[in-house]
Amino acid sequence: MLTPALSATKPRADDLLAWYDRHRRDLPWRAKPGEAADPYRVWLSEIMLQQTTVVAVRPFYLKFLDRFPTVHVLAQAQEEVVMQAWAGLGYYSRARNLHACAKVVVARYSGVFPSTEEELLKLPGIGAYTAAAVAAIAFNEHAAAVDGNVERVMSRIFTIDEPLPKAKVQIKTLTEELVPTDRPGDFAQALMDLGATICSPKRPACALCPWMSPCQAREQGLQETFPKKQKKAEGQLRRGAAFVVLRADDTILLRTRPPKGLLGSMAEPPTSDWDPAYEPSRAVLDAPLEARWQRLPGVVRHVFTHFPLEMTILFAKVPKGTPAPDDMRWTPRLRLYEEALPGVMKKALVHALGDLPPEPAAKAENA
DNA sequence: CAAACGTGGAA
DNA sequence: TTTCCAAGTTT
């Protein structure tokens with residue numbers, strides 16, 4: 001009587017929501033059940049979570065929210081301060097767009113986020129996913145937020161053979177058809193929680209899945225083969241040099257990178273160009289100033305999304321009063337934490353100086 | 001549309 | 001150690 005083909009039933013939002021009500025993750029940016037969501041916090045968290053794990057985001061989110069509690073505070077902040085708060089999280093164009101977006105929301109929308117997917121999509125740093133996520137989660141709009149989790153869940157449920165990213169259009173349509181009139185915000189979060197905790201990339205816990213029965217991939221035992229993806233070419237190794245200068249008054253030579261491109265608007269010790277053919281033995285020719293340069297043993301390795309980097313570190317001590325070259329500055333070693341130093345540049349400084357002084361502990365509000 | 005764009009953690 | 005990748009957007 002029971003035919004396996006029956007499993008081709010449409011997944012029910014109610015089954016997912018019932019699971020969510022029991023197993024929802026408690027996250028700092030997530031409103032408690034029954035509470036209204038704060039659009040600013042939802043938006044901030046969604047930007048931070050782009051291509052970034054919950055574990056990595058959590059401390060940054062808490063510190064960022066403490067420093068910029070409202071969209072008004074953020075809009076009025078200096079860009080350098082915003083970049084400093086983002087330093088270490090990666091994908092720094094997000095921080096520049098975040099700041100730009102805050103200014104638009106304050107200037108054009110009086111500090112109130114627009115509530116529709118369509119309007120949100122116009123704002124800097126907000127793309128198809130984030131527009132739908134904020135609309136649904138913060139405003140309970142009937143929007144389908146399709147991120148990597150949802151792509152995985154949907155491609156498994158419907159055994160979508162088309163590889164990503166081509167399958168995105170189809171997945172968006174399929175997801176829209178499942179969004180309930182009732183709780184679109186919870187549905188969006190439930191779907192992402194499902195992808196993050198049950199329908200994981202490897203070893204999905206199908207036995208615990210509220211959508212096990214309608215899942216076509218599970219029925220065929222092929223859940224781990226979805227989603228199909230086209231592979232990206234891996235980048236070629238680039239080499240370069242970084243120049244760490246310690247002045248006698250315990251200051252370090254830094255500069256700010258151009259606003260666009262790799263590590264845009266972030267701080268760094270002066271560096272050479274990075275190129276596969278770079279010759280570390282000739283690095284001193286690229287030095288920012290005359291000094292007795294010392295080539296330190298070893299290299300600093302770092303892996304960017306699209307290429308690996310090997311940096312040779314040159315170190316020099318210079319006398320008090322040495323002027324900074326054009327577009328560079330001296331920063332006290334004890335205040336390096338105030339600089340917007342990306343991870344790779346922190347590595348370079350640590351290689352030359354040893355551990356950097358820690359940031360002073362934030363003052364406790366209720367000590 | 002393919003490529004650029006960071007980082008750190010897990011298997 | 002290698003591989004994959006985590007709540008994507010912009011150009």
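Each chain gets a letter, A, B and so on, in the order the sequences are listed, and its residues count up from 1. All of these numbers come straight from a predicted model, not from anything done at the bench.
- You'll find the ring centres of F315(A) and W293(A) outside the 6.0 Å limit.
- Atom pair E151(A):CD and dA7(C):C1' shows a separation of 11 Å (rounding to whole Å applied).
- Of the C1' atoms belonging to dC4(C) and dG6(B), the separation is 15 Å, rounded to the nearest Å.
- Toward the 5′ end of DNA chain B lies the nearest nucleotide of P165(A), the other residue of the pair Q50(A) and P165(A) mapping further downstream.
- Atom CG of L44(A) is separated from atom P of dG8(C) by 15 Å (rounded to the nearest Å).
- Counting non-hydrogen atoms under 4.0 angstrom, A128(A) reaches the backbone sugars and phosphates but no base.
- Using a cutoff of 4.0 Å between basic side-chain nitrogens and carboxylate oxygens, R183(A) and D21(A) are scored as salt-bridged.
- Between dC5(C) and R152(A), no contact under 4.0 Å exists linking OP1 or OP2 to a side-chain N or O.
- Computed from coordinates, the K229(A) NZ to dT3(C) P distance equals 16 Å when rounded to whole Å.
- Counting any heavy atom pair closer than 4.0 Å across all strands shown, S45(A) reaches no nucleic acid atom.
- Nearest to the side-chain atoms of K260(A) among the listed nucleotides dG8(C), dT11(C), dT10(C) stands dT11(C).
- Residue R94(A) contributes atom CZ, which lies 9 Å from atom P of dG6(B) at whole-angstrom precision.
- Counting to the nearest Å, the P atom of dC5(B) and the CZ atom of R96(A) are 10 Å from each other.
- The side chain to side chain donor-acceptor pair (under 3.5 Å) test with E339(A) is passed by exactly one of Q84(A), K346(A), R329(A): R329(A).
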Please produce a list of atom pairs where a protein N or O lies less than 3.5 Å from an N or O of nucleotides 7-11 of chain B.
{"unit_1": "dT7(B)", "atom_1": "OP1", "unit_2": "Y92(A)", "atom_2": "OH", "d": "2.9"}
{"unit_1": "dT7(B)", "atom_1": "OP1", "unit_2": "G343(A)", "atom_2": "N", "d": "2.5"}
{"unit_1": "dT7(B)", "atom_1": "OP2", "unit_2": "H302(A)", "atom_2": "NE2", "d": "2.6"}

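- Straight-line distance between the P atoms of dA6(C) and dC5(B): roughly 22 Å, to the nearest whole Å.
- The aromatic rings of F113(A) and W43(A) lie tilted to each other, with the angle between the two planes from 30° to 60°.
- If you check every strand for non-hydrogen atoms under 4.0 Å, G264(A) touches nothing.
- At a threshold of 4.0 angstrom between heavy atoms, the contacts of L98(A) with the nucleic acid are absent.
- When the P atom is used for both dT9(C) and dG8(B), the distance is 23 Å, rounded to whole Å.
- Between the side chains of R335(A) and T331(A), no donor N or O sits under 3.5 Å from an acceptor N or O.
- Rounded to a whole angstrom, the distance from the C1' atom of dT11(C) to that of dT7(B) is 23 Å.
- By the 6.0 Å contact criterion, CD on E35(A) is enclosed, its count of non-hydrogen atoms from other residues, nucleotides or ligands being greater than 12.
- A cation-pi contact links R238(A) to F307(A), judged by a cut-off of 6.0 Å to the six-membered ring centre and 45° from its axis.
- Between the side chains of T159(A) and Q220(A), no donor-acceptor pair is found at a separation under 3.5 Å.
- Contacts of W29(A) with the nucleic acid, taken as non-hydrogen atoms under 4.0 Å apart, include base atoms.
- Nearest-nucleotide mapping onto DNA chain C: of V54(A) and L123(A), the residue sitting toward the 5' end is V54(A).
- Protein atom NZ of K232(A) is 10 Å distant from nucleotide atom C1' of dC4(C), rounded to whole Å.
- For dA4(B), neither phosphate oxygen OP1 nor OP2 lies less than 4.0 angstrom from any side-chain nitrogen or oxygen of H306(A).
- Remark: the separation of the P atoms in dA2(B) and dA7(C) is 23 Å, to the nearest Å.
- Per the geometry, CD belonging to E224(A) stands 15 Å off C1' belonging to dT3(C), to the nearest Å.
- Atom CZ of R238(A) is separated from atom P of dA3(B) by 13 Å (rounded to the nearest Å).
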